[in-house]
Amino acid sequence: MAYWLFKTEPDELSIDDLAAEPNRSFLWDGVRNYQARNFLRDQVQAGDLVFIYHSSCKPPGIAGIATISRAAYPDPTQFDSSHTYFDAKADPQSPRWFAVDVRYKQKFSEILTLDKLKKIVTLEMMPLVKKGNRLSVMPVSSDEWQCILSLI
DNA sequence: GCCAACGTTGGC
DNA sequence: GCCAACGTTGGC
């Protein structure tokens with residue numbers, strides 16, 4: 001069982017959206033970065049736990065936890081020409097982009113802000129806290145996971 | 001809205 | 001294969 005952090009814009013999909021339907025599996029689509037794609041496709045497994053990070057909002061930070069309810073499968077939006085995430089170069093025989101399913105687990109009583117996370121020495125190796133980092137799917141070590149839980 | 005960081009594209 | 005131009009991310 002591994003730990004992850006996924007970024008999402010809460011306007012698109014937030015921890016509250018997940019919490020509103022706690023038994024539903026939500027499609028985690030739209031990952032269009034190869035490094036993030038490789039993590040999703042090759043390493044994320046059903047049962048893994050994920051910090052849900054809200055980005056492009058005020059304040060940015062970790063909002064809660066979800067569980068991976070289905071491992072990687074081809075992201076259907078890449079083949080949908082009416083969709084924002086459509087990719088004309090994606091081939092159904094050899095999909096380029098992958099999605100997973102997630103299910104609600106926990107909402108934090110308050111957002112664990114990026115500002116706060118940046119001040120924690122144990123977390124300084126996380127891509128999340130590094131300037132200019134744009135990785136939207138990243139692994140979290142067991143130490144980092146425990147450290148973040150202790151901050152709630 | 002600005003802009004730094006950085007990933008992708010495409011001409012050569 | 002290089003690299004300039006361009007587009008996107010995401011904090012501020």
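The sequence lines fix the lettering, A, B, ..., with proteins before strands; numbering per chain opens at 1.
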Within the structure shown, what part of the strands sits under 4.0 Å from Lys130(A) by heavy-atom distance: base, sugar-phosphate, or nothing?
-> nothing
Pairing residues for Tyr34(A) by the side-chain contact (heavy atoms from CB on, under 4.5 Å) criterion, not counting sequence neighbours | Arg37(A), Arg96(A), Trp97(A)
Who passes side-chain contact (heavy atoms from CB on, under 4.5 Å) against Thr77(A), sequence neighbours left out?
-> Asp29(A), Arg32(A), Asp75(A), His83(A), Tyr85(A)
What pairs of residues pass the side-chain hydrogen bond (donor to acceptor under 3.5 Å, both in side chains) test when at least one of them lies in residues 143-152 of chain A, not counting sequence neighbours?
-> Ser141(A)-Glu144(A)
Between protein and nucleotides 3-9 of chain B, map the contacts as a letter string: B base, S sugar-phosphate only, - none, heavy atoms under 4.0 Å, written 5' to 3'.
-> -SBBSS-
Between NZ of Lys116(A) and P of dG11(C) the distance, given in whole Å, is 18 Å
Provide the full list of side-chain hydrogen bond (donor to acceptor under 3.5 Å, both in side chains) pairs with a residue in residues 50-61 of chain A, sequence neighbours left out, each pair given once.
-> none
Once you round it to whole Å, what is the distance between P of dG10(C) and CZ of Phe6(A)?
-> 14 Å
Excluding sequence neighbours, so at least two apart, what forms side-chain contact (heavy atoms from CB on, under 4.5 Å) with Glu124(A)?
-> Val121(A)
